[in-house]
Amino acid sequence: MHDVLPVEPIKATWQHAPRWRAVESVFRNICREYGFREIRTPVMEATELFTRSVGEGTDIVSKEMFTFTDKGGRSMTLRPEGTAPALRSYIENSLWTDNPLQKLYYIATIYRYERGHRGRYREHQQTGVEALGSSDPAIDAEIISLAIEFYNRLGISETELRLNSVGCPECRPAYREALLAFAEPLLDQMSEDNQTRFRINPLRMLDSKDPRDKSLLANAPSIAEHLCPDCESHFTSLQTYLNALDVKFTLDSNLVRGFDYYTKTAFEIVSPQLGAENVIGGGGRYDGLIKELGGPATPGIGFGIGTERCLLVLEQLGITLPVASESPTAFIVVLGEKAKPVAVKLLNGLRKAGISSDIDYVGKSLKAQMRQADRAGARFACLLGDNELEKNEIAVKPMNGEGDQKMVPLDTLVEYLRSQDGI
RNA sequence: GCGACCGUAGUGAAACGGUUAUCAUGCCAGUCUGUGGCUCUGGUGAUACGGGUUCGAUUCCCGUCGGUCGCCCCA
């Protein structure tokens, strides 16, 4: 876990709130342009939601959930992923009655109980989208191109999109059998992990990074050869759409993702800028999941993007996204007890007029107040002391060499500041 | 869940087992009796926590907590 600060840390410059806002803002804009609308769901859900959707045999459910019992004796879990909560909400609120196709996006904090290191955190943020109600491969392409466009707008152009089809309940069992038959005689030569996978989740054997496993399984049957006609044509069609959108991809028949609910399309996007944790986004189709969770039989597809990992890539690339200034236009410098109430009232007037402004509340000296105005990046320091009070004026000093200090009548300060360029 | 390494002012870094724990930066004040940035001066502020070894522990050992990096897996 980590803090995201208003000041930029020296070592981890990505833990800086303005950078997060910039990334989120790019994501929101793209989602709006692509016709996705925001959904917000609670950070915690009934544990059963995740055990049923993500799958009992997955690492996430078996060892990575933040689970606890609430005062009513119910088992609750901090969401370890974004899809299941969105679908739960879709079902509970019968969103399909609003429109048979729901295109949703979220920016959510995700929790996974695991050992952290660079790029992997127990608490992290994912931005994601879900399109519910369409089995058209064109929407798979839209979702994928949305993700690619997001990276491009951030300035992350060097990415690799890996694509696969993991089949469906029609064709996967046959493939599974073929794979088991191929692997069984080799089992005692494989890694311990893969021997476990053989029993729990055979497809994951393909994803092993162990060199022994890789060579043993090099000639294993490929899912591509076992797809049913429906999955086959969906996959082919998706590739046609991606080509039409000029989205480059690499077919990877070993790509198996860590959720049990995926059907047909599965993809992930990796960045060469990162080390061990190089996946900056991933997703897939989950045509059986909504029904499984108690809703109508409805196809769906979505992805999640790791905000922290994107920020790490940006840091690696030395990219700083433009952010709106947080500096005030005016900083009121107060001298003496008499001026304070006048200054406070003035400050309120400036703010009501939409002019960002600030003042000291810790009894700083004149010099310190000037320094604070400077460090805050204020465009004008407005000095109010006994001399000014006598004449009902205020001294307005530009901080960036925009001319000389001027005496301005108190009741025209708003007008004066507004008349300055750029305000 | 497994393994390796690391925890010193707010931040970033120093300190053969031995004076008052050093430096930079930040912050406060003075230099400038009513004017920011640049000087110079002063002040502020730290050994994660709990045990142990030792005449003496920031330093060595154990535990807890936290962090970093691998494995696994994922964003």
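In what follows, every chain begins at residue 1, and chains take the letters A, B, ... in the order their sequences are listed.
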**OP:** Just compare B/rG36, B/rC28, B/rA75 and give me whichever is closest to any side-chain atom of A/R375.
**Re:** B/rC28
Original post:
In whole Å, what separates the P atom of B/rG18 from that of B/rG42?
Top reply: 29 Å
Subject >> B/rU35 base / A/Q405 side chain donor-acceptor hit below 3.5 Å >> reply: yes
Subject >> Expected output: side-chain A/E388 to main-chain A/K391 donor-acceptor under 3.5 Å >> reply: no
**OP:** Go ahead and name the base partner of B/rU33; Watson-Crick or wobble counts if both distances stay under 3.5 Å, otherwise write none.
**Re:** none
Original post:
May A/H124 be described as stacking on the base of B/rA75, applying a 5.5 Å centroid limit and a 30° limit on plane angle?
Top reply: yes
Original post:
Closest to the A/A368 side chain: B/rA29, B/rC71, B/rA13?
Top reply: B/rA29
**OP:** Report which part of the nucleic acid A/D59 touches: base, sugar-phosphate, or nothing (heavy-atom distance under 4.0 Å, all strands).
**Re:** sugar-phosphate
Original post:
Of all the choices, B/rC72, B/rG34, B/rG1, which nucleotide is nearest to the side chain of A/H117 once you look at every atom?
Top reply: B/rC72
Subject >> Sugar-phosphate only, base, or nothing, as touched by A/Q372 at under 4.0 Å among non-hydrogen atoms >> reply: nothing
Original post:
When you look at CG of A/N219, are more than 12 heavy atoms from neighbouring residues, nucleotides or ligands closer to it than 6.0 Å?
Top reply: no
Original post:
Expressed in whole Å, how much space separates the C1' atoms belonging to B/rU31 and B/rG36?
Top reply: 16 Å
**OP:** Identify the nucleotide, in any strand shown, that forms a Watson-Crick or G-U wobble pair with B/rC60, with both distances under 3.5 Å; if there is none, say none.
**Re:** B/rG52
Original post:
Quick one: which of B/rC28, B/rA75, B/rG34 gets closest to the side chain of A/E114?
Top reply: B/rA75
Original post:
Out of B/rG12, B/rC72, B/rG1, which nucleotide sits closest to the side chain of A/I10?
Top reply: B/rG12
**OP:** Identify whether any heavy atom of A/S365 sits under 4.0 Å from a base atom; if not, whether one sits that close to sugar-phosphate; answer base, sugar-phosphate or nothing.
**Re:** sugar-phosphate
Original post:
When all nucleic acid strands are considered with a 4.0 Å heavy-atom cut-off, which category describes A/I280: base, sugar-phosphate, or nothing?
Top reply: sugar-phosphate
Original post:
Given the C1' atoms of B/rG56 and B/rC65, what is the spacing between them in whole Å?
Top reply: 28 Å
Original post:
A/N278 has an atom CG; how far is it from atom P of B/rC71, in whole Å?
Top reply: 10 Å
Subject >> Nucleotide nearest A/D386 when distance is taken to its side chain, options B/rA75, B/rU11, B/rG34 >> reply: B/rG34
Subject >> P spacing across the pair B/rU58 / B/rU20, given as an integer number of angstrom >> reply: 12 Å
Subject >> Any strand: nucleotide that pairs with B/rC27 via Watson-Crick or wobble, under 3.5 Å >> reply: B/rG43
Original post:
What integer distance in Å separates A/Q195:CD from B/rC72:C1'?
Top reply: 16 Å
Original post:
Is the A/Y261-A/F259 ring centre distance short of 6.0 angstrom?
Top reply: yes
Subject >> Base B/rU68 paired with A/R115 side chain (donor-acceptor, <3.5 Å) >> reply: yes
**OP:** Send over the distance from A/Q369 CD to B/rA29 C1', rounded to a whole Å.
**Re:** 15 Å
**OP:** Tell me what A/G336 touches on the nucleic acid: a base, only sugar-phosphate, or nothing, going by heavy atoms under 4.0 Å.
**Re:** nothing
**OP:** Looking at every strand, decide which applies to A/A395 at a 4.0 Å heavy-atom threshold: base, sugar-phosphate, or nothing.
**Re:** nothing
Subject >> Sub-6.0 Å ring centroid separation between A/W20 and A/F27 >> reply: no
Original post:
Roughly how far apart, to the nearest Å, are B/rA13 and B/rC71 at atom C1'?
Top reply: 32 Å
Original post:
Roughly how far apart, to the nearest Å, are B/rU68 and B/rC28 at atom C1'?
Top reply: 35 Å
Subject >> Separation of the C1' atoms in B/rG12 and B/rC72, to the nearest angstrom >> reply: 34 Å
Original post:
Across the strands shown, which category fits A/G128 at heavy-atom distances under 4.0 angstrom: base, sugar-phosphate, nothing?
Top reply: nothing
Original post:
Do the ring planes of A/W14 and A/H2 sit parallel (below 30°), tilted (30 to 60°) or perpendicular (above 60°)?
Top reply: perpendicular
Original post:
Contact class for A/F259 (heavy atom, under 4.0 Å): base, sugar-phosphate, or nothing?
Top reply: sugar-phosphate
Original post:
If we call it a pair only when both distances are under 3.5 Å in a Watson-Crick or G-U wobble match, what pairs with B/rU19?
Top reply: none
Original post:
Can you find a donor-acceptor N/O pair under 3.5 angstrom joining the side chain of A/K367 to the base of B/rU31?
Top reply: yes
**OP:** Indicate yes or no for a side-chain donor-acceptor contact from A/R122 to the backbone of A/E114 under 3.5 Å, with no hydrogens or angles considered.
**Re:** yes
Original post:
Counting only heavy atoms not in A/R37, do more than 12 sit closer than 6.0 Å to its CZ atom?
Top reply: no
**OP:** Using both distances under 3.5 Å as the test, list the Watson-Crick or G-U wobble partner of B/rG66, or none.
**Re:** B/rC6
**OP:** Could you tell me the separation between the CG atom of A/L314 and the P atom of B/rA75, rounded to a whole number of Å?
**Re:** 19 Å
Subject >> Selected nucleotide, minimal atom distance to A/N400 side chain, candidates B/rG12, B/rG36, B/rC69 >> reply: B/rG36
**OP:** Assign A/R204 to base, sugar-phosphate, or nothing according to its heavy-atom contacts below 4.0 angstrom with the strands shown.
**Re:** sugar-phosphate
Original post:
Touch check for A/R371, heavy atoms < 4.0 angstrom, all strands: base, sugar-phosphate only, or nothing?
Top reply: sugar-phosphate
Original post:
Heavy atoms under 4.0 Å, any strand shown: does A/E388 hit a base, just sugar-phosphate, or nothing?
Top reply: base
Subject >> Neighbour count above 12 (heavy atom, 6.0 Å) for A/R351 CZ >> reply: yes
Subject >> Nearest-angstrom distance, C1' atom, B/rG10 to B/rC2 >> reply: 36 Å
